[in-house]
Enquirer: 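Mind having a look at this structure? Questions to follow.
Computed from a predicted model, the values in this text were never measured in an experiment.
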Amino acid sequence: MAPPPGLRAFWVISGICLALLMILPLVPLAVWSVADGWRFPAILPQVWSADAWRYTLSPASGVLASLWSTTLIALSATALSALIGIPAGRALGLHRFRGKAAVELVILAPLVVPAIAVALGLHAVFLRLGLTGTTIGVVLVHLIPALPYMTLVMAAVFANHDTAYEDQARSLGAGRLAIFRLVTLPAVLPGILAGAAFTFLVSWSQYALTLLIGSGKVVTLPLLLFSFASSGRNDIAGAIGVIYVLPGIILLALTLGRINGRNVALPRGGLT
């Protein structure tokens with residue numbers, strides 16, 4: 001049943017307002033990136049220049065190298081989160097077992113306890129293992145705030161998943177790999193994409209954890225952005241900021257385009 005026209009118009013207007021609220025804070029970043037002088041009370045910069053972009057895109061700035069490092073770390077954290085979070089989410093979503101509430105509490109703990117507090121405890125362990133100042137160490141510490149998102153999303157997806165479809169495939173002679181590839185994966189793929197998007201963006205935006213475990217040797221875009229912003233180079237910080245937010249916007253748009261209008265998991269209720 002289609003919603004009333006008035007309600008549909010309300011949804012459209014609400015969506016436009018929400019989009020504007022998300023885009024408006026990015027406008028000053030874009031303006032600063034092409035401004036050579038912008039002082040109060042001028043509404044627009046007094047001098048326009050592309051020097052900030054020329055420097056930002058040059059090898060001397062280190063932005064492109066940091067962009068590669070940030071992408072590699074976020075993708076690695078997302079992949080590890082998927083490897084751990086998908087089976088963990090399946091167990092939480094489909095099964096009841098003793099201690100389940102405690103397991104859920106442990107998973108939620110990084111979302112309640114500041115991740116930096118946990119990282120401070122891990123820092124001494126990472127020092128002994130030789131992981132501080134390494135990309136691997138940064139990827140592992142990013143799992144602290146990122147993994148709960150993948151696990152909780154997948155737990156919600158599998159809670160609505162009907163395993164009868166898998167049982168039918170098994171009765172027809174399909175192996176575990178074939179069942180996962182042909183039955184389970186297509187059913188939960190929208191949930192995996194949503195969880196991966198959250199995980200990627202959480203890892204992408206980490207500053208304190210990267211600084212603590214990376215020891216200044218692993219330079220990502222958040223570290224570089226904060227460095228230029230704190231030094232008063234608003235033009236370069238604006239250019240880096242635009243580069244910093246674009247992948248997130250593109251990723252969200254692609255992810256929403258894939259999961260929009262699709263059922264997440266095969267619904268319960270048996271086969272028809």
Enquirer: Are Val138 and Leu127 joined in one hydrophobic group, where the rule is that I, L, V, M, F, W and Y side chains link up if heavy atoms are under 4.5 Å apart?
Expert: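 Different clusters: Val138 never reaches Leu127 through Ile, Leu, Val, Met, Phe, Trp or Tyr contacts under 4.5 Å.
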
Enquirer: For the atom pair OG1 (Thr134) and CG (Leu140), what is the distance rounded to the nearest 0.5 Å?
Expert: 7.5 Å

Enquirer: Which pair of heavy atoms, one from Ser203 and one from Ala77, lies closest together, and at what distance?
Expert: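 Heavy atoms only, the tightest pair is OG-CB, 3.7 Å.
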
Enquirer: Are Val34 and Ser49 close enough, and set up right, to give a side chain to side chain contact (heavy atoms under 4.5 Å, CB included), and what steps lead you there?
Expert: CA-CA 5 Å; Val34 290; Ser49 173; over 6 Å; no

Enquirer: Under a 4.5 Å cut-off applied to non-hydrogen side-chain atoms, are Ser61 and Ile236 in contact?
Expert: no

Enquirer: Is the shortest heavy-atom distance from the side chain of Glu166 to the side chain of Leu182 under 4.5 Å?
Expert: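 Counting from C-beta outward, Glu166 and Leu182 never come under 4.5 Å.
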
Enquirer: Give the minimum heavy-atom separation between Thr163 and Arg90, together with the two atoms involved.
Expert: CG2-NH2, 4.1 Å

Enquirer: Where do Ser215 and Thr132 come nearest, in terms of heavy atoms and distance?
Expert: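 The answer is OG-CB, 4.0 Å.
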
Enquirer: How long is the straight-line distance from OG1 of Thr220 back to CH2 of Trp68, given to the nearest 0.5 Å?
Expert: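 One gets 14.5 Å once the value is rounded to the nearest 0.5 Å.
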
Enquirer: Given side chain to side chain contact (heavy atoms under 4.5 Å, CB included), test Asp235 with Asp51 step by step and report yes or no.
Expert: CA-CA 9 Å; Asp235 52 345; Asp51 290 344; 5.9 Å; no

Enquirer: Kindly indicate whether the side chain of Leu64, heavy atoms from C-beta on, has any atom under 4.5 Å from the side chain of Thr56.
Expert: no

Enquirer: In Å, rounded to the nearest 0.5 Å, how long is the span from NZ of Lys217 to CG of Leu211?
Expert: 13.0 Å

Enquirer: What's the shortest heavy-atom distance between Ser33 and Gly238, and which atoms?
Expert: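 Looking at all heavy atoms of both residues, the shortest contact is CB-C, 3.8 Å.
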
Enquirer: Between Phe158 and His161, how do the two ring planes meet: parallel, tilted or perpendicular, split at 30° and 60°?
Expert: perpendicular

Enquirer: Heavy-atom distance under 4.5 Å between the side chains of Thr210 and Val219, does that happen here?
Expert: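 Heavy-atom side-chain distance check fails, nothing below 4.5 Å.
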
Enquirer: Measure the shortest side-chain to side-chain distance between Leu209 and Pro145 over non-hydrogen atoms and say whether it is less than 4.5 angstrom.
Expert: yes

Enquirer: When Thr151 is tested against each of Val103, Thr199, Leu92 for side-chain contact (heavy atoms from CB on, under 4.5 Å), which residue passes?
Expert: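 Between Thr151 and the candidates, side-chain contact (heavy atoms from CB on, under 4.5 Å) is satisfied uniquely by Leu92.
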
Enquirer: Is the shortest side-chain N to carboxylate O distance from Glu104 to Arg96 below 4.0 Å?
Expert: no

Enquirer: What distance do Leu108 atom CG and Leu152 atom CG have between them, rounded to the nearest 0.5 Å?
Expert: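 So the CG of Leu108 and the CG of Leu152 are separated by 5.5 Å.
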
Enquirer: Should the heavy atoms of other residues, nucleotides or ligands under 6.0 Å from CD1 of Ile179 be counted, would the total exceed 12?
Expert: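 Atom CD1 in Ile179 is packed in, count exceeds 12.
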
Enquirer: Tell me the closest heavy-atom pair linking Gln206 and Val202, and the distance in Å.
Expert: NE2-O, 3.0 Å

Enquirer: Same cluster for Leu72 and Phe200 if Ile/Leu/Val/Met/Phe/Trp/Tyr side chains link at under 4.5 Å?
Expert: no

Enquirer: Would you say Ser76 and His142 are linked by a side-chain donor-acceptor pair, where the criterion is simply a distance under 3.5 Å?
Expert: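 No.
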
Enquirer: In the single-linkage hydrophobic clustering (I, L, V, M, F, W, Y; side-chain heavy atoms under 4.5 Å), do Val188 and Phe198 co-cluster?
Expert: yes

Enquirer: At what distance, to the nearest 0.5 angstrom, does OG of Ser227 lie from CG of Leu221?
Expert: 12.0 Å

Enquirer: Quick check on Trp48: does its CH2 atom have over 12 non-hydrogen neighbours (other residues, nucleotides or ligands) under 6.0 Å away?
Expert: yes

Enquirer: So, do Ile73 and Val218 sit near enough that their side-chain heavy atoms are less than 4.5 Å apart?
Expert: yes

Enquirer: Quick check on Tyr149: does its OH atom have over 12 non-hydrogen neighbours (other residues, nucleotides or ligands) under 6.0 Å away?
Expert: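 No.
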
Enquirer: Would you say Trp204 and Thr70 are linked by a side-chain donor-acceptor pair, where the criterion is simply a distance under 3.5 Å?
Expert: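 On atom types as modelled, these side chains do not qualify, holding no pair under 3.5 Å.
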
Enquirer: Tell me, do Val141 and His123 make a side-chain contact under 4.5 Å, heavy atoms counted?
Expert: no

Enquirer: Looking at Lys100, I'd like to know if its NZ atom is crowded, meaning that more than 12 non-hydrogen atoms belonging to other residues, nucleotides or ligands lie closer than 6.0 Å.
Expert: yes

Enquirer: In sequence, state the C-alpha distance, the side-chain angles, and the governing distance for Ile213 and Leu131, and then conclude on side chain to side chain contact (heavy atoms under 4.5 Å, CB included).
Expert: CA-CA 8 Å; Ile213 301 300; Leu131 293 175; 5.8 Å; no

Enquirer: In chain order, what residues pass the side chain to side chain donor-acceptor pair (under 3.5 Å) check against Ser66, with sequence neighbours excluded?
Expert: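 Side chain to side chain donor-acceptor pair (under 3.5 Å) list for Ser66, sorted by chain: empty.
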
Enquirer: So how far is it from Asp162 CG to Leu94 CG, rounded to the nearest 0.5 Å?
Expert: 9.5 Å

Enquirer: For Tyr244, does the OH atom have more than 12 heavy-atom neighbours from other residues, nucleotides or ligands under 6.0 Å away?
Expert: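 Correct, the count exceeds 12.
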
